[in-house]
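Structure, as structure tokens:
Remember, it's 1-based here, ligands and their atoms both numbered in the order they're listed. What you are looking at is a predicted structure, and each value in this text was computed from that prediction instead of being measured.
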Amino acid sequence: MAQYSRISGSVGLITLKSLPVNALGAVVRQGIVDSLKTALQDPKVTSVVICGQNGVFCGGADIKEFGDSESGPPLIPMIHAIEAGNKPMVAAIEGFALGGGLELALGCHYRIAHSKARLGLPEVTLGLLPAAGGSQRLPRLIGVPAALDLIITGRHVTAAEALQLGIVDQVTDHHTVDAAVKFALSVAGRPLDARRISSYSCPPVSGDLDALFEEVMRKVRRGARGAIAPVACVQAVRAAATLPYARGMERERELMATLFTSGQARALQYSFFAQRAVSRWSTPSGARWDASAPKPVRKVAVIGLGTMGRGIAVALAQAGFPVVSVETQEKQLTEAKRAVSQMLERGAKRRGVAAPLDKMSYSSNIQAVADVDLVIEAVFEDMGLKKKIFQQLSAVCKPDALLCTNTSSLDVDQLASQTRNPELVVGMHFFAPAHVMKLLEVVYGPRSSPQALATAMQLGKKMGKVSVAVGNCPGFVGNRMLKAYVEQAFFLLEEGATPELVDSALEEFGFSMGFFKVSDLSGLDVGWKVRKEDGLALPGVSTGPSARIRQGRRYSPLGDLLCQRGRFGQKTGSGWYQYGKPGGRVATPDPWLHSFLEEYRAQHGLVPRRIDPQEVLERCLYALINEGFRILEDGIAAGPEDIDCIYVFGYGWPHYRGGPMFYAAMVGLPKVLERLEHYYRAHPDVPDLQPCSLLRRLVASGSPPVQKWKEAIKKLHSQL
Ligand SMILES: CC/C=C/CC(=O)SCCNC(=O)CCNC(=O)[C@H](O)C(C)(C)COP(=O)(O)OP(=O)(O)OC[C@H]1O[C@@H](n2cnc3c(N)ncnc32)[C@H](O)[C@@H]1OP(=O)(O)O
């Protein structure tokens with residue numbers, strides 16, 4: 001709702017009231033329209049202030065209402081009525097003015113912001129554009145280049161930047177509504193024509209306007225990789241720059257109509273709520289986020305300063321934690337100190353703050369962690385080494401310290417069993433580079449206490465990560481699903497595809513890099529080492545029937561064969577592609593590799609066939625999705641939102657496709673099931689293609705929407 005009152009004798013005060021962020025739902029809009037009418041009709045009122053309750057101006061349109069048929073007064077005429085009003089309207093901005101919230105403020109004649117407020121038009125992140133006049137008013141107010149920056153990126157600006165850009169008229173450190181009322185009294189009776197932004201022309205740009213838009217559009221298309229909202233944002237701002245306001249608004253409406261009904265907007269809005277849903281974690285044993293208090297964490301340690309350890313230490317220091325970093329090899333320690341300082345300085349420069357160098361301390365002695373509250377072990381993926389470290393930690397650390405491992409796939413419970421307090425052991429699986437990537441898998445073992453899980457989840461949140469609680473199994477969620485995808489990519493090469501064909505299909509889908517390019521970038525030897533440890537990559541079985549079978553199922557040794565030839569990817573100058581020189585970064589197709597594949601197929605009696613991009617997508621993505629269903633069935637992830645956040649924030653799944661499980665729901669579960677059945681018939685020696693029973697049961701129960709899967713899975717489990 002919106003509450004109306006009159007204060008200081010002559011100021012009408014309209015307060016938006018809708019917890020938690022005063023979103024502009026139907027009831028709030030109705031409240032504003034009614035309050036406005038009262039204020040404009042009351043002869044005692046000479047000016048009006050609009051504010052929000054609880055220190056928040058407005059978080060924008062109510063995203064929860066997007067799927068519903070529209071009710072209540074529409075936003076655009078409401079904002080026009082505010083702007084057209086004959087009494088000065090002042091927006092008192094505290095907390096946030098985002099999306100429709102900022103558009104509402106732009107409809108006002110003046111804007112006063114608290115110094116801690118943040119403003120922005122983040123619609124693009126929801127697959128939309130600022131379509132309540134924001135794309136037309138902001139460029140008229142602050143100019144085309146600055147408006148393009150804000151609208152295309154959706155970034156929030158501080159009150160100070162908003163003042164500098166000309167979005168707000170005044171910034172206050174004091175009580176914002178009081179300041180706005182005082183301001184409203186001071187402007188009462190002043191003419192308003194020059195304050196109505198819709199009547200402005202965009203300030204002229206230096207240089208050629210067409211050239212500016214062409215350049216921006218080129219950059220946006222390159223960066224958007226198939227996302228349609230950023231492109232529509234540029235088109236809308238162009239309309240502001242080239243058309244009268246009324247025609248610009250028509251263009252804004254047309255563009256919005258296309259976006260609003262697009263699958264991309266639905267996916268991004270799903271993802272918005274999925275990110276919030278994963279913070280409300282639960283485990284199959286009944287532990288829950290709202291019943292488990294985290295332990296206080298004041299000081300943290302990182303063990304091992306390789307690439308991962310350095311990134312983790314930087315992320316912790318940036319989040320404000322004192323960090324003790326332990327590296328036993330002196331040479332590595334010296335290098336790491338320099339690298340970590342550089343990373344901290346670069347990050348600070350980018351964010352315009354002081355580098356938190358004072359948060360870091362280093363040691364080559366594990367005794368240095370004796371007083372910390374939480375340790376993150378980040379040494380090599382070697383179970384023997386990790387076990388030894390956990391034994392040492394258990395002896396050295398405070399008895400109540402949380403011991404975490406950054407393993408990407410090893411058994412967290414085995415590590416827990418090395419310690420005095422296995423309930424205080426959890427996995428914290430970061431993604432490289434750990435100070436950049438948003439994802440954190442928090443892995444609970446069978447003995448991890450709810451409090452340990454809650455503490456790691458909260459630490460992740462403080463580090464700005466999307467933290468997802470997952471159960472303990474080889475590869476956890478992300479890497480377990482990836483295995484099925486990678487396997488299909490190899491099999492497709494055996495059957496006639498090239499790395500270029502597979503990668504271009506995946507890149508066309510929206511991944512920034514296809515699997516083979518990623519593999520060259522991260523190093524083929526990484527997977528080779530794991531396969532050797534798992535007993536898959538065996539020396540001396542390059543021919544005969546057993547060459548392509550391991551542990552009773554189809555196996556492709558192609559990656560192993562490249563590694564045996566020293567082709568580790570970019571670092572050696574060749575892998576699935578060639579790079580000209582070791583360390584080269586530009587992938588070009590490699591004729592040697594093509595001949596090698598031909599010889600390999602001939603040697604193994606494989607008759608190559610024409611493979612189309614659709615098959616690449618179906619085989620790679622549906623195999624991965626199928627494993628996702630198995631993970632849900634096993635209770636390793638609590639719901640599809642958890643898997644989708646993991647893939648969007650850790651594995652480069654295109655954000656505008658929501659994540660693999662959302663994508664499966666969009667494609668239609670019956671279709672995914674039918675294609676998996678088809679491919680499993682063709683490849684009965686590939687168990688990953690055998691449709692999982694949960695997928696079958698969801699289809700049999702009418703393929704509920706993805707938001708209802710959690711409920712449906714619970715019901716299906718209880719029927720077993
Ligand atoms: C005609 C169509 C026009 C569209 C124009 C628009 O306005 S589109 C919407 C533009 N606004 C946004 O994109 C803002 C989205 N919200 C946020 O970025 C953040 O929530 C916040 C406002 C910066 C607050 O962040 P904070 O970390 O403090 O809290 P949460 O993110 O956890 O949010 C608290 C709860 O509020 C819910 N929520 C937030 N914004 C909206 C919204 N616009 N509509 C509906 N609900 C919203 C959020 O889901 C949280 O609720 P949970 O129940 O916990 O999920």
Side-chain angles (χ1 to χ4, degrees), residues 16-29 32 52-80 93-107 116-138 150-151 153-158 229 232-233 236 249 252-262 264-266 268-281 289-290 438 457-458 460-462 464-467 639 641 645 655 707:
L16 314 191
K17 287 193 157 190
S18 176
L19 289 173
V21 297
N22 299 322
L24 294 166
V27 178
V28 174
R29 296 197 305 273
I32 296 174
Q53 73 171 354
N54 266 8
V56 174
F57 180 67
C58 176
D62 190 335
I63 308 167
K64 290 191 178 110
E65 287 184 358
F66 279 0
D68 307 343
S69 55
E70 195 174 33
S71 64
L75 203 51
I76 294 175
M78 183 191 93
I79 294 174
H80 276 147
I93 301 171
E94 296 174 296
F96 303 103
L98 298 175
L102 180 54
E103 292 176 298
L104 167 67
L106 292 173
K116 295 218 169 97
R118 286 196 284 147
L119 299 86
L121 293 174
E123 285 86 342
V124 70
T125 63
L126 297 169
L128 303 174
L129 61 86
S135 75
Q136 303 305 299
R137 283 197 179 88
L138 194 64
L150 260 61
I151 292 173
T153 61
R155 75 182 177 92
H156 300 179
V157 294
T158 60
C233 286
M249 285 300 287
E252 185 190 86
R253 191 172 52 245
E254 285 162 17
L255 290 163
M256 180 64 160
T258 315
L259 295 180
F260 203 69
T261 49
S262 72
Q264 294 198 3
R266 253 179 297 158
L268 287 160
Q269 288 152 28
Y270 160 82
S271 187
F272 174 83
F273 290 115
Q275 282 170 66
R276 280 142 189 92
V278 298
S279 64
R280 294 188 283 268
W281 56 266
W289 66 284
D290 50 357
K438 289 277 283 179
M457 288 293 283
Q458 195 194 52
K461 188 172 179 193
K462 287 189 177 163
K465 304 291 178 197
V466 176
S467 308
E641 294 88 353
C645 283
H655 206 157
Q707 291 84 353

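Annotation for ligand 1: atoms under 4.0 Å from non-hydrogen atoms of Met256 are 2 (C). Set against the non-hydrogen atoms of Gly99, the atoms of ligand 1 under 4.0 Å away are 7 (O), 10 (C). Counting atoms of ligand 1 from 1 in the listed order, those under 4.0 Å from a heavy atom of Leu126 are 8 (S), 9 (C), 13 (O). Within ligand 1, counting atoms from 1 as listed, the ones closer than 4.0 Å to a heavy atom of Phe273 are 49 (O).
Under a 4.0 angstrom heavy-atom cut-off, Ala131 registers as lying outside contact with ligand 1. Heavy atoms of Ala132 come nearer than 4.0 angstrom to ligand 1 in no pair at all. Within the 4.0 Å heavy-atom cutoff, Glu65 does not count among the residues contacting ligand 1.
Atom 45 (C) of ligand 1 has its closest protein heavy atom at Asp62 OD1, 3.2 Å.
Contact annotation: for Ile63 versus ligand 1, heavy atoms closer than 4.0 Å belong to both the backbone and the side chain.
Residue nearest to atom 43 (N) of ligand 1, selected from Ala61, Gly60, Gly25, Ala23: Ala61 (by heavy-atom distance). Evaluated by nearest non-hydrogen atom to atom 54 (O) of ligand 1, the leading choice among Arg118, Arg280, Arg276 is Arg280.
For atom 36 (O) of ligand 1, the protein comes within 4.0 Å by at least one heavy atom. Distance check on atom 29 (O) of ligand 1: every protein heavy atom falls at or beyond the 4.0 Å cut-off.
The side-chain contact (heavy atoms from CB on, under 4.5 Å) test with Glu123 singles out one residue from Thr125, Leu121, Leu126, and that residue is Leu121. Evaluated for a side-chain contact (heavy atoms from CB on, under 4.5 Å) with Glu103, the options Ile79, Ile76, Leu24 yield exactly one hit, Ile79. Between Leu16 and the choices Val21, Val56, Ile32, Asn54, the side-chain contact (heavy atoms from CB on, under 4.5 Å) rule is met once, by Ile32.
Ligand 1 has an N or O atom lying under 3.5 Å from an N or O atom of Gly59, backbone or side chain. Residue Gly100 places at least one N or O, backbone or side chain, under 3.5 Å from an N or O of ligand 1.
Side-chain contact between Arg266 and Phe66 is absent, with no heavy atoms from C-beta onward closer than 4.5 Å. Using a 4.5 Å cut-off on side-chain heavy atoms (C-beta onward), Leu128 and Phe260 make contact. Contact check for Glu641 versus Phe273: no side-chain heavy atoms found under the 4.5 Å cut-off. Using a 4.5 Å cut-off on side-chain heavy atoms (C-beta onward), Met457 and Trp289 make no contact. In this structure the side chain of Met249 reaches within 4.5 angstrom of the side chain of His80, judged on heavy atoms. Using a 4.5 Å heavy-atom threshold, the side chains of Val28 and Asn22 count as separate.
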